[in-house]
> 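Once you've had a glance at the structure underneath, I'll fire off some questions.
As the structure is a prediction and not an experimental result, all values here were calculated from the model. Order of listing sets the numbers, starting from 1, for every ligand and every atom in it.
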Amino acid sequence: MSFGPIRRMNWRGMLKLHRRCVRKPVFRTLAGSVVVCEPGLARQVLVDADRRLEHVPAFWRPGGVPLPPPVCAALNRWVHAGLAAEDPDAMAAVAVDAVAASRGDLHRACLHAVAEATRRPLGLDRDGALRGTVTEFLDDVFHAMMTGSRRFPDKDTFLRLAARAGAALADGAAPDFPEVEADVRGEVYLRAVTAFVGASAAALTWLICVRQSGDLVAARRRAGAVEEASPEHVALETLRLWPPAWQHRRPVLHDHRIGPLEALRGDEVVVPAYALQRHPRYWADADVFDPGRWAGSPSRHQAFLPFSIGPGACVGASFEVRWLAAAARHLAAAPPLALTRRSTAPCVTAVFSAPEHTLGGR
Ligand code: HEM
């Protein structure tokens, strides 16, 4: 199965990892991962000047096999060109309106809202069949992967949807989608959908909870924090405390030394963004939601790595910050959403998203 099992590390496990990271900057886990939670070293590891790690992101590894570098580059250019043609503010307005009009599961609402906002670059505005396929993919496969509500993704459904997406692409549904082998074209497209939609939707779930919930996940709120702050600072502080990509994993290709440890071929290096971005050594009042901390400081704090860096880093990073800031502004201007929390723990899979909630309209 090309999307593999759904890794639902539980929230308790994530907090345990965080506590361990605070005690020790570099350590090896029993599973063979080398965890690096020191900002300078983490950046050095991810930039990987000597190319000792595999950097092809999971997006571009259909069936676990990395696509050839020119294909990855073409896909990244396609994503980039799609974003460059969009206005983040207009996209955020579409997404916030779509969430406001939704009822039921918050994650589902955010997935569909972000897909609606990115309909043009994804080709969903041109092709009804592709739109229907993506809707089913988000509902029947990706929602379970994001919330961890199933142990494994529905393989048969996924393969059927990938074949349908592949056929629509062969008919030119998504403009300028790069040349990819026919047998994986549909799957690669659905992976591109997850790049466009997945982390953004997770960030939107957190942003909505920051505005609406009195009970923040593992954080305290500074009084007046949201009302007084600039939307960009709200976006950055949301990404700091609740990074959708909560860890950056890189397989080791060649043995080498990382700080005090030897990383061996076959190991995995892990940069735990969640732990780094809440580390008390690098952040004052690390667990306090305080957008004001970003005022007058560069957004590139050394211990802030929500989009990773180096080869394989997010091509949507700067767009995402502008988009999320615009979403914060639109949410602030809109009447509050009625939200009912259904679980205490957040959803921890490959993506870190808010606890499950039900949207009940305004
Ligand atoms: C809060 C939102 C987002 C977060 C947290 C995020 C995070 C990341 C991270 C951590 C990676 C590296 C993957 C890895 O380590 O294997 C990545 C890669 C990527 N992201 Fe994002 N991302 C976000 C939004 C977006 C958006 C909106 C787009 C485009 C529409 C996008 C497109 C991509 C692409 C294409 C890659 C692969 C880059 C490559 O192959 O070099 N991301 N993202």
> Atoms of ligand 1 less than 4.0 Å from Leu83 heavy atoms?
29 (C), 30 (C)
> Strictly by modelled atom types, are His55 and Asp48 linked by a side-chain donor-acceptor pair under 3.5 Å?
yes
> Using a 4.0 Å cut-off to any heavy atom of Glu320, which atoms of ligand 1 qualify?
1 (C), 2 (C), 24 (C), 27 (C)
> Using a strict cut-off of 4.0 Å, indicate which atoms of ligand 1 neighbour a heavy atom of Ser200.
2 (C), 27 (C)
> Taking atom CZ of Arg265 as the centre, does the number of heavy atoms from other residues, nucleotides or ligands within less than 6.0 Å exceed 12?
no
> Around atom 37 (C) of ligand 1, find the nearest protein heavy atom and jot down its residue, atom name and distance.
Pro57 CG, 3.6 Å
> Mind checking the CG-CZ spacing from Leu236 to Phe304? Nearest 0.5 Å is all I need.
5.0 Å
> Can you list the atoms of ligand 1 that are under 4.0 Å from a heavy atom of Ala245?
10 (C)
> Could you check if a side-chain atom of Arg250 sits within less than 4.5 angstrom of a side-chain atom of Ser308, using non-hydrogen atoms only?
yes
> So for Cys72, does at least one of its heavy atoms come nearer than 4.0 angstrom to any atom of ligand 1?
no
> Taking only heavy atoms of His248 into account, list the atoms of ligand 1 that are under 4.0 Å away from them.
10 (C)
> Quick one: does His55 get within less than 4.0 Å of ligand 1, heavy atoms only?
no
> Among all protein heavy atoms in this structure, tell me which lies nearest to atom 39 (C) of ligand 1, with the distance rounded to 0.1 Å.
Asn76 ND2, 3.0 Å
> Compare all side-chain heavy atoms of Ile309 with those of His248 and state whether any distance is below 4.5 angstrom.
no
> Enter the distance from Phe137:CZ to Arg191:CZ here, rounded to the nearest 0.5 Å.
8.5 Å
> Checking a contact table here: which protein heavy atom is nearest atom 14 (C) of ligand 1, and how many Å away?
Arg250 NH1, 3.5 Å
> Between the main-chain N or O of Phe196 and the side-chain N or O of Thr118, is there a donor-acceptor pair closer than 3.5 Å?
no
> Which option out of Ala350, Ala273, Cys314, Ala203 puts a heavy atom nearest to atom 8 (C) of ligand 1?
Cys314
> Using heavy-atom distances, let me know which of Ser308, Gly312, Pro88 sits nearest atom 12 (C) of ligand 1.
Gly312
> Nearest to atom 6 (C) of ligand 1 by heavy atom, Phe307, Trp78, Trp246: which?
Phe307
> Nearest protein heavy-atom contact for atom 38 (C) of ligand 1: which residue, which atom, what distance?
Ala313 O, 3.3 Å
> Checking His357 against Asp105: is there a side-chain donor and acceptor pair closer than 3.5 Å?
no
> So which bit of Trp60 gets within less than 4.0 Å of ligand 1, heavy atoms only: side chain, backbone, both or neither?
side chain
> Test side chain to side chain contact (heavy atoms under 4.5 Å, CB included) on Val270 and Arg249; report intermediate values, then the result.
CA-CA 5 Å; Val270 176; Arg249 311 176 75 98; 4.2 Å; yes
> Below 4.0 angstrom from a heavy atom of Ala195, which ligand 1 atoms are there? Numbered from 1 as shown, please.
25 (C), 26 (C), 28 (C), 31 (C), 32 (C), 42 (N)
> Is there a donor-acceptor pair under 3.5 Å between the side chain of Arg19 and the backbone N or O of Val22?
no
> Does Leu324 approach ligand 1 within less than 4.0 angstrom via side chain, backbone, both or neither, non-hydrogen atoms only?
neither
> Considering only protein heavy atoms, which is closest to atom 5 (C) of ligand 1, and at what distance to one decimal place?
Pro306 O, 3.6 Å
> Specify side chain, backbone, both or neither for Thr118, according to which of its non-hydrogen atoms lie closer than 4.0 Å to ligand 1.
neither
> What protein heavy atom lies closest to atom 19 (C) of ligand 1? Include the residue and the distance to one decimal.
Phe59 CE1, 3.3 Å
> Would Arg278 pass as a cation-pi partner of Trp283, given that its NZ or CZ must be under 6.0 Å from the six-membered ring centre and within 45 degrees of the axis?
no
> When you check the gap from the basic side-chain N to the acidic O, do Asp215 and Arg341 get nearer than 4.0 Å?
yes
> Measure the distance from atom 35 (C) of ligand 1 to every protein heavy atom, then report the residue, atom name and distance (to 0.1 Å) of the closest one.
Val315 CG2, 3.3 Å
> Below 4.0 angstrom from a heavy atom of Val79, which ligand 1 atoms are there? Numbered from 1 as shown, please.
29 (C), 30 (C), 35 (C)
> Should the pair Trp11 and Phe352 be assigned to parallel (<30°), tilted (30 to 60°) or perpendicular (>60°) ring geometry?
parallel
